[in-house]
Amino acid sequence: MRLVFLGPPGAGKGTQAREVAGKTGVPHVSTGDMFRAEVTAGTELGLRVKSIMDGGDLVSDDVVLEVVRSRLGKCDVEGGYLLDGFPRTLVQARGLDGIAAQQNRPLDHVVYFDLDDQMVISRLSGRRSCPACGEPYHIESLKPRTEGICDKCSTELIQRDDDRPDTVKNRLDVYKQQTAELIDYYRKKELLRRVGADGSVQQVRAGVFEALGVG
Ligand code: ADP
Ligand code: AMP
């Protein structure tokens, strides 16, 4: 299966992507996670993208496409992939079409996580993340077993710099200006599967599996 998870930041894409990847074995490819790993490793790319990410703006299309093209050329994604947080612009979506055509492996589904602004703001501002394994938590809805500590790897949780209030507002604006038009783009291609993202993790998971036709 070749999948795209589309929707506003904080809609729960990463949370569900981990579930789907765990159940189906399809590799989870998150451009945000890839860029954060570069920042943590202090690479040249990491240094270039850090301030853009901290401000909640988008990394340039050519940089993103280069990273994704290289990732989708690896052997582990020959049988499928789950793209989370990519594409985010029309240029990226067309670039992905080009990669898929070149590989002769078209997309199967684009799952659109539909969530209103208020919920997006509350999900993002309450998010806590594990800097080591990336597992997301929430201060109210998805607490770790021990406060401030990752259940999976026992690392101390952090609040991402781009989850602070000023940046959250900008990220939502950027989504509306640059990413939301992809909903129509994929609807016209008959790939769009809308899932209401305001239920519990279990309810949203059921919606995602139903949309994908996975039991
Ligand atoms: P995205 O990958 O779309 O940016 P995340 O998966 O990181 O979003 O989720 C954003 C925040 O919302 C996290 O704090 C996560 O724990 C929380 N969250 C995700 N799904 C749900 C849900 N169905 N109900 C409540 N909180 C959720
Ligand atoms: P995410 O983890 O998906 O919320 O992404 C975090 C940040 O990484 C974004 O706010 C952007 O700065 C950058 N980023 C991730 N994916 C992309 C993308 N497809 N296009 C541009 N910037 C991206």
Side-chain angles (χ1 to χ4, degrees), residues 4-21 28-40 45-46 48-69 71-72 82-93 95-96 111-115 118-131 133-144 150-152 157-164 167-175 177-179 182 195-208:
V4 167
F5 278 11
L6 176 70
K13 302 181 297 297
T15 302
Q16 298 297 334
R18 286 166 171 264
E19 303 260 349
V20 173
H28 173 202
V29 176
S30 155
T31 42
D33 284 351
M34 289 161 82
F35 288 133
R36 277 185 290 279
E38 297 286 337
V39 171
T40 304
L45 174 60
R48 258 159 62 204
V49 299
K50 184 176 183 340
S51 61
I52 300 171
M53 294 174 75
D54 286 351
D57 294 318
L58 295 186
V59 174
S60 69
D61 290 329
D62 52 345
V63 170
V64 178
L65 277 167
E66 195 184 316
V67 166
V68 171
R69 191 170 288 114
R71 181 66 187 89
L72 297 188
L82 192 175
L83 289 166
D84 162 17
F86 173 90
R88 262 173 151 104
T89 65
L90 265 181
V91 171
Q92 293 179 18
L96 176 60
V111 180
Y112 162 46
F113 288 70
D114 192 0
L115 194 67
Q118 267 321 103
M119 289 285 286
V120 164
I121 290 166
S122 121
R123 292 250 181 109
L124 287 177
S125 38
R127 175 161 59 187
R128 295 295 179 271
S129 310
C130 176
C133 73
E135 187 72 13
Y137 296 88
H138 192 277
I139 51 171
E140 282 160 9
S141 57
L142 284 166
K143 298 180 183 177
C150 179
D151 292 347
K152 301 260 157 84
L157 303 179
I158 55 152
Q159 181 174 35
R160 277 168 45 177
D161 286 334
D162 58 348
D163 282 343
R164 295 179 195 280
T167 317
V168 163
K169 162 90 180 56
N170 186 42
R171 288 169 72 201
L172 195 48
D173 289 346
V174 166
Y175 169 76
Q177 286 157 14
Q178 302 194 54
T179 309
L182 297 185
V195 170
D198 59 347
S200 66
V201 171
Q202 291 73 16
Q203 286 167 330
V204 179
R205 182 202 297 147
V208 171

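Atoms within each ligand, like the ligands themselves, are counted from 1 in listed order.
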Does ligand 1 have any N/O atom under 3.5 Å from a protein N/O, and what are those pairs and their distances?
from     : atom 1 : to   : atom 2 : distance (Å)
ligand 1 : 2 (O)  : G14  : N      : 2.8
ligand 1 : 3 (O)  : G10  : N      : 3.4
ligand 1 : 3 (O)  : A11  : N      : 3.2
ligand 1 : 3 (O)  : G12  : N      : 3.1
ligand 1 : 3 (O)  : K13  : N      : 2.9
ligand 1 : 3 (O)  : K13  : NZ     : 2.8
ligand 1 : 4 (O)  : G10  : N      : 2.8
ligand 1 : 4 (O)  : R127 : NH1    : 3.0
ligand 1 : 6 (O)  : G14  : N      : 3.4
ligand 1 : 6 (O)  : T15  : N      : 2.8
ligand 1 : 6 (O)  : T15  : OG1    : 2.6
ligand 1 : 7 (O)  : R127 : NH1    : 2.6
ligand 1 : 8 (O)  : G12  : N      : 3.2
ligand 1 : 14 (O) : Y137 : O      : 2.6
ligand 1 : 16 (O) : Y137 : O      : 3.3
ligand 1 : 23 (N) : G199 : O      : 2.9
ligand 1 : 23 (N) : V201 : N      : 3.2
ligand 1 : 24 (N) : R123 : NH2    : 3.4
ligand 1 : 26 (N) : R123 : NE     : 3.4
ligand 1 : 26 (N) : S141 : OG     : 2.9

**Main-chain N/O of R88 paired to Q92 side chain as donor or acceptor, under 3.5 Å** =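 Yes; at least one donor-acceptor contact below 3.5 Å.
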
**Prompt:** Between the side chain of K50 and the main-chain N/O of T40, is any donor-acceptor distance below 3.5 Å?
**Reply:**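 No, because the side chain of K50 does not come within donor-acceptor range (under 3.5 Å) of the backbone of T40.
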
**R164-Q159 side chain donor-acceptor pair, cut-off 3.5 Å** =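 Short answer, yes.
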
**Request:** Would you please name every residue forming a ring-ring contact (aromatic ring centres under 6.0 Å, His included) with Y112, sequence neighbours left out?
**Result:**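 In terms of ring-ring contact (aromatic ring centres under 6.0 Å, His included), with neighbours along the sequence ignored, Y112 is linked to no residue.
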
**Counterpart residues, ring-ring contact (aromatic ring centres under 6.0 Å, His included), relative to F113 (two or more places apart)** =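 For F113 the ring-ring contact (aromatic ring centres under 6.0 Å, His included) partners, ignoring immediate neighbours, are F5.
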
**Request:** Could you check if a side-chain atom of P136 sits within less than 4.5 angstrom of a side-chain atom of R18, using non-hydrogen atoms only?
**Result:**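 Yes, their side chains come closer than 4.5 Å.
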
**Asked** Near ligand 2, which protein residues have a heavy atom under 4.0 Å away?
**Response**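 Only T31, G32, F35, R36, M53, D57, L58, V59, V64, G85, F86, R88, Q92, R160, D162, R171 have heavy atoms that fall under 4.0 Å of ligand 2, ordered by chain and number.
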
**Message:** Could you check whether E38 pairs with R48 (Lys NZ or Arg NE/NH1/NH2 to Asp/Glu carboxylate O, under 4.0 Å)?
**Reply:**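 So E38 does not pair with R48 through a salt bridge.
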
**Message:** Please evaluate residues T15 and R205 with respect to the criterion side-chain contact (heavy atoms from CB on, under 4.5 Å), reporting the C-alpha separation (whole Å), side-chain torsions for both, the decisive distance (0.1 Å), and the verdict.
**Reply:** CA-CA 9 Å; T15 302; R205 182 202 297 147; over 6 Å; no

**Request:** Would you sort out whether D163 and R128 count as a salt bridge (charged side-chain N to carboxylate O under 4.0 Å, His left out), showing the intermediate values?
**Result:** CA-CA 9 Å; D163 282 343; R128 295 295 179 271; over 6 Å; no

